[in-house]
Structures are given as structure tokens and as C-alpha cells.
*Asks:* 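Have a look at this one.
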Amino acid sequence: QVQLVESGGGLVKTGGSLRLSCVVSGRTFSSYYIGWFRQAPEKEREFVAAISRSGLGTKYADAVKGRFTISRDNAKNTVYLQMNSLKSEDTAVYYCAAALLQSVPGDDDYWGQGTQVTVSS
């Protein structure tokens, strides 16, 4: 059984930074593609960023490109999402997900419980 636990969320002012972490337990961490997603109140869940098994390949949503950085430490079974220049529209619950077969995890893959990020002025 694969488990994902997110942490690092919180309240931050506009323009500030946060770093989210996602610890993955279970099977071999380096076998998984990992993605970050977010869901704001009354909105659908949206893709934020994803990283390949090796960490050499990354993808970003246009809304976060240039401000967010995804990375992974396979020795620590952890994926990070460094979020800089935060905006109010970044306020959401952030989820990490793991997939074996596709570069961007889908609904049928493994998901964490989420961590709240609130950006206020």
C-alpha cells in the first residue's frame, strides 16, 4: 500500500514563499511519477506540477510557471514544491499524487490527504 503525506502548508502573505513536502511510503519511491495538484473552494481540482522518476523531467501549469519549482529527493522518499511570489489565487488545498504508469497522476492513482495553503494580503 502506497501512502502519501503532505506537509508545509499554512498562511502566508502575498509575495511570500512556502515549501510543501510530500513523503511517500510503501513501494519503491523512485518508481513513481509524482504530481502536485490543488483545489480552491468551489473550483475543480487542477494540475500544478509533475516530476519524472529520476527528477530530470518536470512539467508546470502555466499559472505557476516561473514561480513554483518541483523537486524530489529519492533518498528521502520526498517530493517538494517550492512556491515563491505567492498570489491570492494560489489559495487552495494542495495534494500530491503518485503514479507508476503515467507522467501525470490521475484519479485512479495514489493520493494524499492535502495541505491547506492560504495567501492573504
*Asks:* Among Leu18, Thr14, Thr118, Val64, which residue meets the side chain to side chain contact (heavy atoms under 4.5 Å, CB included) test with Leu86?
*Replies:*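 Output: one option passes, namely Leu18.
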*Asks:* Under 3.5 Å, side chain of Glu6 to main-chain N/O of Gly114, donor-acceptor pair present?
*Replies:*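 It does hold such a pair.
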*Asks:* Between Ser54 (side chain only) and Leu56 (backbone N and O only), is there a donor and an acceptor less than 3.5 Å apart?
*Replies:*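 Yes: the side chain of Ser54 pairs with the backbone of Leu56.
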*Asks:* Mark yes or no for whether Thr78, through its side chain, and Lys76, through its backbone, hold a donor-acceptor pair below 3.5 Å.
*Replies:*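 It does hold such a pair.
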*Asks:* Counting N and O atoms only, with roles assigned by atom type, does the side chain of Arg72 sit under 3.5 Å from a partner on the main chain of Gly55, one being a donor and the other an acceptor?
*Replies:*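 Side chain of Arg72 to backbone of Gly55, a donor-acceptor pair under 3.5 Å: no, none is there.
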*Asks:* Examine Phe68 together with Trp36 and report whether their ring centres are nearer than 6.0 Å.
*Replies:*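 Between Phe68 and Trp36, the centre distance exceeds or equals 6.0 Å.
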*Asks:* Does NZ or CZ of Arg19 come closer than 6.0 Å to the centre of the six-membered ring of Tyr80, within 45° of the ring's axis?
*Replies:*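 Geometry flag: set, cation within 6.0 Å and 45°.
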*Asks:* Is any side-chain heavy atom of Ser120 closer than 4.5 Å to a side-chain heavy atom of Leu11?
*Replies:*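 Yes; the side chains approach each other to less than 4.5 Å.
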*Asks:* Under 3.5 Å, is there a donor-acceptor pair between the side chain of Thr91 and the main chain of Val119?
*Replies:*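 Between the backbone of Val119 and the side chain of Thr91 there is a qualifying donor-acceptor contact (under 3.5 Å).
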*Asks:* What do you reckon, is CD of Gln116 surrounded by more than 12 foreign heavy atoms closer than 6.0 Å?
*Replies:*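 More than 12 within 6.0 Å, yes.
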*Asks:* Less than 4.5 Å apart, any side-chain heavy atom of Val24 and any of Val79?
*Replies:*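 Side chain of Val24 against side chain of Val79, heavy atoms only: no contact under 4.5 Å found.
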*Asks:* Would you check if Asp107 and Arg45 make a side-chain contact, meaning some heavy-atom pair closer than 4.5 Å?
*Replies:*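 With C-beta onward as the side chain, the pair touches.
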*Asks:* Is the distance between the ring centroids of Phe37 and Phe47 less than 6.0 Å?
*Replies:*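 Yes, close enough.
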*Asks:* Just wondering, do Tyr32 and Leu100 contact through their side chains at under 4.5 Å, heavy atoms?
*Replies:*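 They are in contact (side-chain heavy atoms under 4.5 Å apart), so the answer is yes.
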*Asks:* Are any side-chain N or O atoms of Tyr60 and backbone N or O atoms of Ile70, one a donor and one an acceptor, separated by less than 3.5 Å?
*Replies:*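 Flag set: sc Tyr60 to bb Ile70 pair under 3.5 Å.
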*Asks:* Do Asp90 and Arg67 have side chains that approach each other closer than 4.5 Å (heavy atoms only, starting at C-beta)?
*Replies:*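 Yes - at least one pair of side-chain heavy atoms lies under 4.5 Å apart.
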*Asks:* Should Gln82 and Ser17 be marked as a side chain to side chain contact (heavy atoms under 4.5 Å, CB included) after you check the CA-CA gap, both sets of side-chain angles, and the distance that decides it?
*Replies:* CA-CA 7 Å; Gln82 178 66 43; Ser17 298; 4.0 Å; yes
*Asks:* Do Asn74 side-chain atoms and Arg53 backbone N/O form a donor-acceptor pair below 3.5 Å?
*Replies:*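 Yes.
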*Asks:* Applying the 4.5 Å side-chain criterion to the ILVMFWY set and letting contacts propagate, would Val12 and Met83 be lumped into a single cluster?
*Replies:*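 Linked within one cluster.
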*Asks:* Are any non-hydrogen side-chain atoms of Tyr95 and Gln113 less than 4.5 angstrom apart?
*Replies:*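 Not in contact.
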*Asks:* Whether the side chain of Ser52 engages the backbone of Gly57 through a donor-acceptor N/O pair (distance < 3.5 Å, no angle test) should be reported.
*Replies:*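 Yes, the answer is positive, given that a donor and an acceptor are paired below the 3.5 Å cut-off.
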*Asks:* Determine whether Asp109 and Gln102 satisfy the following criterion, side chain to side chain contact (heavy atoms under 4.5 Å, CB included), listing intermediate values before the conclusion.
*Replies:* CA-CA 9 Å; Asp109 292 307; Gln102 50 190 3; 2.8 Å; yes
*Asks:* Could you tell me whether the side chain of Gln39 reaches within less than 4.5 Å of the side chain of Glu46, counting heavy atoms only?
*Replies:*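 SC-SC contact between Glu46 and Gln39 ruled out.
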*Asks:* Does a side-chain heavy-atom distance below 4.5 Å link Leu20 with Val117?
*Replies:*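 Contact flag for Leu20/Val117 side chains = yes.
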*Asks:* Shared ILVMFWY cluster between Val2 and Trp111, side chains joined below 4.5 angstrom?
*Replies:*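 Different hydrophobic clusters.
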